[in-house]
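Only heavy atoms go into these numbers, but all of them, side chains included; no hydrogens, no water, no symmetry mates. Note that the coordinates shown come from a computational prediction; the quantities given were computed from them, not determined experimentally.
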Amino acid sequence: MRVKVTIVYLVLMALATTWPGALIANRVRPHVFGIPFNFAWYAAWIVGAFVVLLWLDADQQRRERDG
């Protein structure tokens, strides 16, 4: 189940960070934490991918440990 969620997230990330998905974030204002919106858009997807992959790795390690 977690692998499927990871695959879905990564596909959504690919669509959201390339054309035409990136057109949603194709603006400079508003600033998010002092950075332009389009940069924050990409950074949020990358941080989200990091969290999803950590979650998947933790599940994999738990399965290996439990046998």
Determine whether Val32 and Val47 fall in the same hydrophobic cluster, where Ile, Leu, Val, Met, Phe, Trp and Tyr are linked whenever their side-chain heavy atoms lie under 4.5 Å apart. no
Once you round to the nearest 0.5 Å, how far does CG of Leu15 lie from CD1 of Ile24? 10.0 Å
Looking at side-chain heavy atoms only, is the closest gap between Val52 and Val5 below 4.5 Å? no
Using salt bridge (charged side-chain N to carboxylate O under 4.0 Å, His left out) as the criterion, list what pairs up with Arg27, not counting sequence neighbours. none
Report, as yes or no, whether the 6.0 Å neighbourhood of atom CZ on Arg62 holds more than 12 heavy atoms from other residues, nucleotides or ligands. yes
Cluster overlap Leu53 with Met13, hydrophobic side-chain contacts below 4.5 Å: no
Do Leu12 and Tyr9 land in one hydrophobic cluster if side-chain heavy atoms of ILVMFWY residues count as linked below 4.5 Å? yes
Rounded at 0.5 Å granularity, tell me how far CZ in Arg65 sits from CD in Gln60. 12.0 Å
Any chain of hydrophobic side-chain contacts (each under 4.5 Å) joining Ile46 to Leu10? yes
With sequence neighbours excluded, give me every side-chain hydrogen bond (donor to acceptor under 3.5 Å, both in side chains) pair touching residues 31-58. Asp57-Gln61
Rounded to the nearest 0.5 Å, what separation is found between the CD atom of Glu64 and the CG atom of Asp59? 10.0 Å
